[in-house]
S.K.: 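Pasting a structure below so you can have a look.
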Amino acid sequence: MAANRLDLYVPEPLGRPGDTPSFGDLHLSAPGEIRRPDTREKEANMRDLPYGLIRVLDDEGHAVGPWAPHIPIEVLHKGLRAMLLSRAVDERFFRAHRQGKTSFYMKSTGEEAIGVAQSLMLGKGDMCFPTYRMLAWLMARDYPLAAYANHIFSNEKDPLQGRQLPILFSAKDYGFYSLSGNLGSRYGHAVGWAMASAYKNDDKIAIAYVGDGTTAEGNFHEALTFASVYHAPCILCVTNNQWAISSFSGIAGANETTFAAKGIAYGLPSLRVDGNDFLAVWAATEWAAQRARANMGATLIELFTYRVEGHSTSDDPTKYRPADEASAWPLGDPVERLKQHLIALGEWDEGRHTALIESLAEEVKAAIKQGEAIGTLGKSKPPVSEMFEDVFAEPDWRIIEQRKQVMEG
Amino acid sequence: MALMNMIQALNSALDVKLDQDPDTLIFGEDVGYFGGVFRVTEGLQKKYGLKRCFDTPISEGGIIATAVGMGAYGLRPVVEIQFADYILPAFDQLISEAARLRYRSGGEFTAPITVRSPYGGGIFGGQTHSQSPEALFAHVTGLKTVIPSNPYDAKGLLLASIECDDPVIFLEPKRLYNGPFDGHPDQKLSTWANSGDPKAEVPEGHYTVPLGKAEVVRPGSDVTVLAYGTMVYVAKAGIEEAGVDAELIDLRSIVPLDIDTIEQSVAKTGRCVILHEASRYAGIGGELSALVQERCFWALKSPIERVTGWDTPYPHAFEWDYFPGPKRLAQALKRTMENS
């Protein structure tokens, strides 16, 4: 072959099933290493940040460096509880799927610090435009577990009237915008929602999420363009959990640059944050929220984390990545790290931790039982007339005729 | 009352709404300072300020996504897609998001947005400035699709669309912006002002024309002609050429469809010819034909006819060969009468 012949490059992950897990050279910044610019700083003066990694918790569980936030102890306790609750809910519902009680489930394991820290950090009036791996947001805001069980079971009491796939939830009163299976399609809604808040001279801000894989969608770039042009008061997050179903983050471009660095081209301040570090997530969110509320526009935050479980109940991650890859993740487990921090502060201990896990397991079990008592998938469902509600504000003749046909059998 | 062309009538609707409702705002490509490539938003930015009427990036998906988010917040955005041909990058936003948001969120979030877009041919705009994509939207439940045929309806339907709690696709027949057009490109054109058409008389203030209510433009007893948009005036000319006593119905909105008016008319005439500019296969004509067959079969005296654009991309040099003009309608009307 002549030396000047072209050759197509297709990126591949460092490890596949049977290989020793490797994340290569991740260039992890040390805890406390990354500078914290003033929240009034210009974007042009912080273009180094998307290439670093904001970390607060060190290996001993101490909060170090300029990003160390001031979080009341009771909020840290609440955070730990919500993360553990989220994990307990995931465990039980995943099992319920295996028992045929629901059609579908997705776990958030390993990503709980993100939803919990951001949910607790932001205000009640703010709106989260979630991905399907954001159960933790709801757990941090005390969403009633039994109602959530009714949704997962699509039963008679499903808050979404049996119309949506489990997980693709909506809970307006909890600041949780309606989910869709189409990736990234709500990213621009968050920008529009935030622009509306600014238009009305309100003080509410939006926070939105896509995964690493979805940064390749046009939606992502359209939303960044609008957020940048109109200084939309929002926080745009990329939850980089390394995997998009079976495609590693390199397929979305992670081998070439960071996801946070995509913000530079839009003139958006962009942070890259250890997503398994509760305190770092909190601090970055607080910084971005302060800017947004001060009319300084949007911030892009890459939350660097790892998807510990499969994509959903429909795939087996051992078919495409080393089975023990999760345990090799260099940034640890978010629950263990917050626990270690609380213990280092003298505000927690192993006994309380174990007792909390047990009591949460009981709480979840009881909630699931309540849901099961109403019925699991196929055993109970909302009245079939619900199929025809909310198609339009008022049904037209088609809906009325078709509903009549169904009701009369 | 004032004599208005369709552009002025649409502008008046937007003016009335911006004045009445602080939660209504307008955005789209070139709609701000310049007032839109067809001048529909002319003067509105100057009158109401930057925040009420502004330019956007060239990003149809971004425009609709932003509008949906604003709608979810509680605003009533009216956005312009510069040509209906350019709406396709926003298809996912319209179909998977705007149309479904109310349903999938159990009514928690809604998208009361209005998407205005100039559409249709007859202006030598070639493939990318002439298409009629209404069937693509009509097929999607959750979206309303509205198409006015004259200045009076344009204003009243646009106000009704903005006030509607569902997302509305509002397609403006650009061939009719400046004057009625009966499908004879070689004949002298009249403006709305000198056409003598009573539909060019437009009230200055607020009024609505309800969505889902067709208008019997010309009563008749022999055959029902269903049309909308540009084709309403073409139908008038075709009916005259054929010399039949046809009942002409302007549907005004495809979704919701005024099925009662259609049924009553075909029950009376026993014949039905459907006219649309969009290509034929899986077009609105197919749906209308099926509905008439299902509901009026025993009243029918002859096969239902469809007169439509051909199943080709919109052809530039062959515009008038493609365009379903009065001659083709007249032929169909005569066939319909002879076949029974």
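A note on names: the letters A, B, ... follow the listed sequences, proteins ahead of strands, and every chain is numbered from 1. Predicted model only: the values in this text are computed from it and were never measured.
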S.K.: Report which part of B:I259 has an atom under 4.5 Å of a heavy atom belonging to chain A: side chain, backbone, both, or neither.
M.R.: both
S.K.: Classify the side-chain pair B:E134/B:Y228 by whether it contains a donor and acceptor separated by less than 3.5 Å.
M.R.: yes
S.K.: Using heavy-atom distances under 4.5 Å, tell me whether B:P22 contacts chain A through its side chain, its backbone, both, or neither.
M.R.: backbone
S.K.: We want to know whether A:S178 and B:E108 form a side-chain donor-acceptor pair, criterion being a heavy-atom distance below 3.5 angstrom.
M.R.: no
S.K.: Please classify the contact of B:L211 with chain A as side chain, backbone, both or neither, using a heavy-atom distance under 4.5 Å.
M.R.: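 Neither; nothing under 4.5 Å.
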S.K.: Measure centre to centre between the rings of A:Y187 and A:H221, then say whether the value is under 6.0 Å.
M.R.: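 That pair fails the under 6.0 Å test.
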S.K.: CZ of B:F27 to OH of A:Y230: how many Å apart, nearest 0.5 Å?
M.R.: 7.5 Å
S.K.: Looking at the rings of A:H189 and A:F129, which for Trp means the six-membered one, are their centres under 6.0 Å apart?
M.R.: no
S.K.: Report the option among A:G218, A:S185, A:A223 that has the most heavy-atom pairs separated by less than 4.5 Å from atoms of chain B.
M.R.: A:S185
S.K.: By a 4.5 Å heavy-atom criterion (distance strictly below it), what part of A:L165 contacts chain B: side chain, backbone, both, or neither?
M.R.: neither
S.K.: For A:F176, is it the side chain, the backbone, both or neither that has a heavy atom under 4.5 Å from a heavy atom of chain B?
M.R.: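 For A:F176, backbone heavy atoms alone lie under 4.5 Å from chain B.
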S.K.: Tell me, for B:I64 versus chain A, whether the close heavy atoms (under 4.5 Å) come from the side chain, the backbone, both or neither.
M.R.: neither
S.K.: Where does A:E217 contact chain B at under 4.5 Å (heavy atoms): side chain, backbone, both or neither?
M.R.: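 No part of it gets close to chain B.
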S.K.: Check this for me, if you would: do B:R76 and B:D165 make a salt bridge, where the nitrogen-to-carboxylate-oxygen distance has to be below 4.0 angstrom?
M.R.: yes
S.K.: So do A:M195 and B:Y73 actually touch side chain to side chain, heavy atoms under 4.5 Å?
M.R.: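 A side-chain contact under 4.5 Å is absent here.
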S.K.: Where on A:Y177 is there a heavy atom nearer than 4.5 Å to chain B: the side chain, the backbone, both, or neither?
M.R.: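 Both the backbone and the side chain of A:Y177 come within 4.5 Å of chain B.
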S.K.: Sort out for me which of B:I63, B:T66, B:L75 touches chain A most, counting heavy-atom pairs under 4.5 Å.
M.R.: B:T66
S.K.: Are B:T41 and B:R116 close enough that some pair of their side-chain heavy atoms sits under 4.5 Å apart?
M.R.: yes
S.K.: Select one option (side chain, backbone, both, neither) describing which atoms of A:D158 are under 4.5 Å from chain B's heavy atoms.
M.R.: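 Interface part for A:D158: neither.
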S.K.: Any carboxylate oxygen within less than 4.0 angstrom of a Lys/Arg side-chain nitrogen, looking at B:E287 and A:R398?
M.R.: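 No, this pair does not count.
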S.K.: Under 4.5 Å heavy-atom distance to chain A, tell me which part of B:T110 shows up: side chain, backbone, both or neither.
M.R.: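 Contact with chain A: none, neither part.
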S.K.: Using non-hydrogen atoms and a 4.5 Å limit, figure out which bit of A:V229 sits close to chain B: side chain, backbone, both or neither.
M.R.: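 Looking at A:V229, just its side chain touches chain B.
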S.K.: Return the option, out of A:D173, A:N182, A:L168, with the maximum number of heavy-atom pairs under 4.5 Å with chain B.
M.R.: A:N182
S.K.: Taking the six-membered ring where the residue is Trp, are the ring centres of A:Y199 and B:F54 under 6.0 Å apart?
M.R.: no
S.K.: Between A:A206, A:A190, A:A393, A:G188, which residue shows the highest count of heavy-atom pairs closer than 4.5 Å to chain B?
M.R.: A:A393
